[in-house]
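The basis for the numbers below is simple: all heavy atoms, side chains too, and nothing from hydrogens, waters or symmetry mates. Note that the structure is predicted; figures quoted are calculated from it, not measured.
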Amino acid sequence: LCLLAHVSLVLSDPVQVKDCGSKQTKITSVDVPNCPKLPCQLKKGTNVELTVNFIPSTDISSATSVVYGYLNGNIKVPFPLTDNNACHDMTCPVKAGDAVVYKHKLYVNPMYPKISVLVQWEVHDQGNDVVWCFSVPTVIVG
């Protein structure tokens, strides 16, 4: 199992993120393809696949993805997702202590302006409690 985890990390691009309130879990890695350094570049008109590996400390029967963008560092705006059911991005239910892989494809709309955005990504459980939360600096490019 350790060998598989090591191979997974070698084949992907682990990104340094800031935890912003993961109370029910330990995030073991966040991977964004083609992001060798921060800020991650999100190219308009493409899908960016985000992978989060985590270990929850409580059972999760259902979950919701919530994403915000901070513009100019302090203007918080919701980042619309085509599907915010986190159980479509991971297998639910989840047992406490199990290693979980969450994968979400994010479409970068061509209408978005070219701008730096601090992305805050959260998953909430069935009681709307934050399972995990992280933020990562990004820039939308053409």
Side-chain angles (χ1 to χ4, degrees), residues 1-71 73 75-142:
L1 183 60
C2 289
L3 179 60
L4 290 175
H6 181 355
V7 169
S8 161
L9 291 175
V10 170
L11 296 176
S12 60
D13 297 316
V15 176
Q16 295 298 314
V17 297
K18 180 180 177 187
D19 190 291
C20 54
S22 302
K23 298 176 183 168
Q24 298 182 29
T25 194
K26 176 185 177 192
I27 296 174
T28 54
S29 70
V30 175
D31 304 316
V32 180
N34 303 315
C35 181
K37 64 179 184 170
L38 297 178
C40 291
Q41 293 191 0
L42 307 180
K43 187 174 180 184
K44 292 180 181 189
T46 66
N47 286 306
V48 177
E49 185 171 74
L50 168 85
T51 303
V52 180
N53 294 284
F54 69 97
I55 301 172
S57 60
T58 60
D59 292 349
I60 302 168
S61 59
S62 64
T64 305
S65 299
V66 180
V67 182
Y68 298 100
Y70 285 88
L71 309 176
I75 302 170
K76 183 178 180 180
V77 294
F79 204 98
L81 299 175
T82 54
D83 181 5
N84 70 344
N85 183 342
C87 291
H88 295 160
D89 302 317
M90 62 186 188
T91 302
C92 292
V94 174
K95 292 286 187 192
D98 285 354
V100 181
V101 177
Y102 169 98
K103 286 189 176 199
H104 186 93
K105 283 190 180 178
L106 174 70
Y107 180 66
V108 184
N109 193 315
M111 300 296 288
Y112 293 157
K114 292 180 183 179
I115 189 169
S116 295
V117 180
L118 180 67
V119 174
Q120 179 173 308
W121 203 291
E122 305 173 4
V123 166
H124 296 205
D125 69 7
Q126 58 278 359
N128 204 32
D129 293 320
V130 175
V131 175
W132 52 256
C133 174
F134 69 84
S135 60
V136 61
T138 67
V139 62
I140 297 175
V141 297

[atom1]/[X] to [atom2]/[Y] distance, rounded to the nearest 0.5 angstrom?
{"X": "Y102", "Y": "N53", "atom1": "OH", "atom2": "CG", "value": "12.5 Å"}
{"X": "Q126", "Y": "D59", "atom1": "CD", "atom2": "CG", "value": "8.0 Å"}
{"X": "Q41", "Y": "K114", "atom1": "CD", "atom2": "NZ", "value": "11.0 Å"}
{"X": "T25", "Y": "I55", "atom1": "OG1", "atom2": "CD1", "value": "7.5 Å"}
{"X": "E49", "Y": "N34", "atom1": "CD", "atom2": "CG", "value": "11.5 Å"}
{"X": "I115", "Y": "L71", "atom1": "CD1", "atom2": "CG", "value": "5.0 Å"}

Identify the two heavy atoms, one from [X] and one from [Y], that lie closest to each other, and give their separation to 0.1 Å.
{"X": "V101", "Y": "M90", "answer": "O-CB, 3.5 Å"}
{"X": "S65", "Y": "L81", "answer": "CB-CD1, 3.7 Å"}
{"X": "P93", "Y": "S61", "answer": "CB-CA, 4.1 Å"}
{"X": "P56", "Y": "V94", "answer": "CG-CG1, 3.5 Å"}
{"X": "S22", "Y": "C133", "answer": "OG-N, 2.9 Å"}
{"X": "D31", "Y": "S29", "answer": "OD2-OG, 3.8 Å"}

Worked verdict on T64 versus N84 for side-chain hydrogen bond (donor to acceptor under 3.5 Å, both in side chains): CA-CA 6 Å; T64 305; N84 70 344; 5.3 Å; no
Residues D19, I27; criterion side chain to side chain contact (heavy atoms under 4.5 Å, CB included); working and verdict: CA-CA 8 Å; D19 190 291; I27 296 174; 4.3 Å; yes
Single hit among L38, L42, V48, V32 for side chain to side chain contact (heavy atoms under 4.5 Å, CB included) with T138: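 With T138 as partner, side chain to side chain contact (heavy atoms under 4.5 Å, CB included) holds for just one option, L42.
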Geometric class of the F134/W121 ring pair [parallel <30°, tilted 30-60°, perpendicular >60°]: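 Correct class here is parallel.
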K44 vs I140 side-chain heavy atoms within contact, under 4.5 Å: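 Yes, at least one pair of side-chain atoms sits under 4.5 Å.
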Check: D83 and D89 side chains under 4.5 Å, non-hydrogen atoms: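 Counting from C-beta outward, D89 and D83 never come under 4.5 Å.
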Stepwise side chain to side chain contact (heavy atoms under 4.5 Å, CB included) test for F54 and V123: CA-CA 11 Å; F54 69 97; V123 166; 5.9 Å; no
Criterion side chain to side chain contact (heavy atoms under 4.5 Å, CB included) on Y68 and E122, from CA distance to verdict: CA-CA 9 Å; Y68 298 100; E122 305 173 4; 3.9 Å; yes
Working for side chain to side chain contact (heavy atoms under 4.5 Å, CB included), residues V66 and H124: CA-CA 8 Å; V66 180; H124 296 205; 4.0 Å; yes
